[in-house]
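Okay, structure first, notes after.
Just so we're on the same page: letters track the sequence lines, and every chain starts at 1. Note that the coordinates shown come from a computational prediction; the quantities given were computed from them, not determined experimentally.
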Amino acid sequence: MGKILCATRGGEASIQTQDAAIKKAKETGDELIFIYVFDVEFLAHAKYTLRSDVVTDEMGRMADFLMAMAIDRAKQQGVNARSVIRQGDFKTELVATAKEEQVTLVILGRPAGKDSHFKIERLQDLIGKLEPETGIPFCILPDCPISSS
Amino acid sequence: MRIIRRRGVPCLIPYLALLLIVGLWLVKVFQPSAVATAARRGVAGHVLDDQGEPIVDAQLRLYINREAEPAAETHSQPDGAYLLVLPEEKTVTSVRVEAEHSHFELSVWTPDRDEITNLLEAGTFVTHDIVLERQIVASFWIATVIFIGMLLLIATERLHSTLAVLLAVVLIFGVSLLGGAIMPDLFIFTFEQALEYVDFEVIFLLLGMMIVIGVIEETGIFQWLAYQAYRLSRGRVWLLTVILMTITTIASASLDNVITMLLITPIALEIALVLGINPFSLLVPALLAANVGGTGTLIGTPVNIIIGSYTEFGFNDFLINLMPGVLLGEVGLVFFVLLWYRKDHLSGGQKLSADLIKRLEENGRIRDAAKLRKSGIVFAGLLMLFIFGEPLHLTPDIAALTGAVVMLIWVNPDIEQMMGVVDWTTLMFFIGLFIAVGAIQEVGLLAMLATGISTIVGTNLLAAVLVVVWGSALLSGVVDNIPFAAAMLPVVKLLTHTVPNAENKVLFYALSTGANLGGNSTLIGSSANLVVAGVTERAGYRITFRQFLKVGLPATIVTTAIGCLWLLVHFM
């Protein structure tokens, strides 16, 4: 049995990604790990006192809630799922987690239209670099292989 | 007893003698010489610019009898005052006074015959105010370009705002001190003169409030309040929205809108997910209300802190003159957002598991009840100091520092940790900003701007209020409202002097209303908007500039119109 690592957040587009990852995990019988990576760079916008430790704590709680929602959805469909929450750079944390968890497939969501923070070209470039670096297959939904193991 | 007296008296003698000597010396030093006073004569007055504002550090020289060397020299004081004393021993046949300042044209004044006759009499001072004409030299253009460049760097986020401001300061000093040594027209001001523009009341008020808020932040009060709003509303989204807006209004007015929104946003987003509604239909109203609420008090926004310190408005001045307008604006805002998001508020209905609802409840718990109790007492005391300290001349900065020290001693004595809470980057931003604004004030850009606005509004106070409110609101949507307000303060001060009936300071409140409420119009208009967007984006909910503009702009028009109307009714 393999492990699927699914990078996600919590919005509408993320829910579609989660559902697709759940479907894939169900098909393959793999364990599903949701990964949520966040940073607090937006604090640079504030011109007043902001305790980064307090904000990080709150962001962690929110991430925990969002991941619990994803896990809940997976469990409802009989998929064994858990989550990993990391703070820092998305690419670095994704690679580190993929290696630590010895996953067999990494699933990324397709950027949701022109308003999305991520662009599909950038994501494809990223995958092109990460696959040889980690030796783990990456895919962007919905173009993922049927079997991950 | 007798022995003690005998021993005590001789022992005291040297001290009494010393006291007597020191006392006599002090009397001699500080008593004006009767002879000197009687014989002193000269010219006294003020050095002013063409708008009647005092000119500091103007160089004044008094020449007599057509001599090449000045008989007396001095510099004008912070209030523009000067005093040139004629030499006692010389016979005076003619007098000439020259006043000079690097950013003004040389002014020469020659007293008429009567004034010279007066001057010849011992003990007579002729009073004469000198008005200097501005001159536009290289330093004007350089300071202007540097300031605009700084605003652009901040607006485009090419540099961190503090770095942008510090870069501007370094360039200003580089041009002024190094360039000024080569070419006098490049001189802007000295380091000492620049420091006089730094408003340390603002710095200390911010410092004190940072410590106070830093302790309150970690208690979990904001999250608890948001969860209580969810409980009380019992699934009625419109009611939840109204309660959340009320909470963010009060919290922003008494603490800070950015902190309030930053800590409320994660849990409000969770609540929206539990209810199955669009998170922005809950968060945006709360955010708009927070930005409006902060406008009502001295400590609600950094803009008000700057205005309050500059004008010496107290906490109560804002409460009396702005808060009613803010509350009316909030009522208008509530109606607007309920109408705007009516479809979203009706679309809920997602059922989440009991585990998730339990998690929400946990996230809405008070984190440290003991700390909350103590910090609550200190904060209540601080509010009392703000309100009742004014008659005792307890300025807001001293009140905030007092609150901070009590917080440090009683609630969180870990001084190292609490010093880490202070946002030194922000304090450096303000120090640099004051110097950068001082530079454009020194070279005459702000005076020119004031003259331009004065020409537009003429002597019409209504027009002046409308221009300041709506002009500030418009610009605050696109440029950082803090440097904008800091730069506008001297301009508004000049308008207050030139526009009839503006002595009631209505234009300063107009600046606060426009600069604060205008921040709601765009995503980049307020720091709170950007941090909320930052949090929601990390939760997978992105709000674009255009999406925010669609709701923010009409909301700004509604609240600014109400705020403006209040000012007109209250002051005119």
Side-chain angles (χ1 to χ4, degrees), chain A residues 7-18 34 36-76 83 85-88 90 109 111-119, chain B residues 157 160-162 206 209-214 217-218 222-223 256-259 262-263 265-267 269-270 273 279 301-302 352-353 355-356 359-360 362-363 367 420-423 425-426 429-430 480 482 524 527-544 546-547:
Chain A
T8 183
R9 288 188 161 177
E12 288 300 322
S14 294
I15 288 169
Q16 287 172 26
T17 305
Q18 290 165 12
F34 293 110
Y36 183 102
V37 183
F38 72 94
D39 60 63
V40 289
E41 280 177 13
F42 54 87
L43 292 185
H45 294 301
K47 284 190 192 61
Y48 215 76
T49 177
L50 290 168
R51 288 187 58 174
S52 59
D53 56 335
V54 176
V55 177
T56 302
D57 189 38
E58 283 311 308
M59 292 297 289
R61 286 172 196 272
M62 184 181 76
D64 192 44
F65 186 87
L66 294 170
M67 291 303 96
M69 279 178 73
I71 293 168
D72 215 26
R73 203 176 295 110
K75 283 183 177 168
Q76 280 172 16
S83 67
I85 297 166
R86 294 283 188 115
Q87 186 195 351
F90 175 74
K114 60 180 168 55
D115 288 342
S116 175
H117 180 69
F118 295 103
K119 300 291 170 227
Chain B
E157 296 187 351
H160 187 283
S161 53
T162 304
L206 286 170
M209 289 306 294
M210 282 175 182
I211 293 171
V212 171
I213 295 171
E217 262 179 70
E218 59 183 349
F222 297 96
Q223 298 87 329
D256 173 63
N257 57 345
V258 179
I259 299 292
L262 193 57
L263 298 179
T265 298
I267 192 162
L269 195 133
E270 291 164 28
L273 293 176
T301 65
L352 292 185
S353 67
D355 178 49
L356 282 168
R359 272 174 196 269
L360 177 69
E362 279 171 12
N363 289 350
R367 312 269 192 265
V421 164
V422 175
D423 189 351
T425 314
T426 297
F429 168 83
F430 277 93
D480 190 333
I482 298 172
I524 58 165
S527 301
N529 302 357
L530 289 166
V531 296
V532 167
V535 174
T536 57
E537 187 176 323
R538 279 148 185 81
Y541 293 91
R542 187 157 192 253
I543 185 160
T544 63
R546 189 182 291 180
Q547 284 167 346

Measuring from [X]:[atom1] to [Y]:[atom2], what's the distance to the nearest 0.5 Å?
X: E218(B); Y: D57(A); atom1: CD; atom2: CG; result: 10.0 Å
X: N363(B); Y: M62(A); atom1: CG; atom2: CE; result: 10.5 Å
X: R61(A); Y: R367(B); atom1: CZ; atom2: CZ; result: 3.5 Å

Item to complete: Kindly determine whether R538(B) and E41(A) satisfy side-chain contact (heavy atoms from CB on, under 4.5 Å), including the steps that lead there.
Response: CA-CA 11 Å; R538(B) 279 148 185 81; E41(A) 280 177 13; 4.2 Å; yes
Discussion item. How close do L356(B) and F65(A) get, counting heavy atoms only, and between which atoms?
Written reply: O-CE1, 3.3 Å
Worksheet item: Any idea which heavy atoms bring V535(B) and M59(A) closest together, and the distance?
Response: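 V535(B) and M59(A) have their closest heavy atoms at CG1-SD, 3.9 Å.
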Practice prompt. Quickly, which of V54(A), V40(A), L43(A) forms a side chain to side chain contact (heavy atoms under 4.5 Å, CB included) with L262(B)? Name it, please.
Written response: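 Only match with L262(B) under side chain to side chain contact (heavy atoms under 4.5 Å, CB included): L43(A).
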Worksheet item: Of the backbone (N, CA, C, O) and the side chain (C-beta and beyond), which part of I524(B) lies under 4.5 Å from a heavy atom of chain A, both, or neither?
Response: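 Nothing of I524(B), per the 4.5 Å heavy-atom cut-off to chain A.
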Fill in: Among D39(A), D64(A), D72(A), residue most engaged with chain B (heavy-atom pairs, under 4.5 Å)
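Going by pairs under 4.5 Å, I would pick D39(A).
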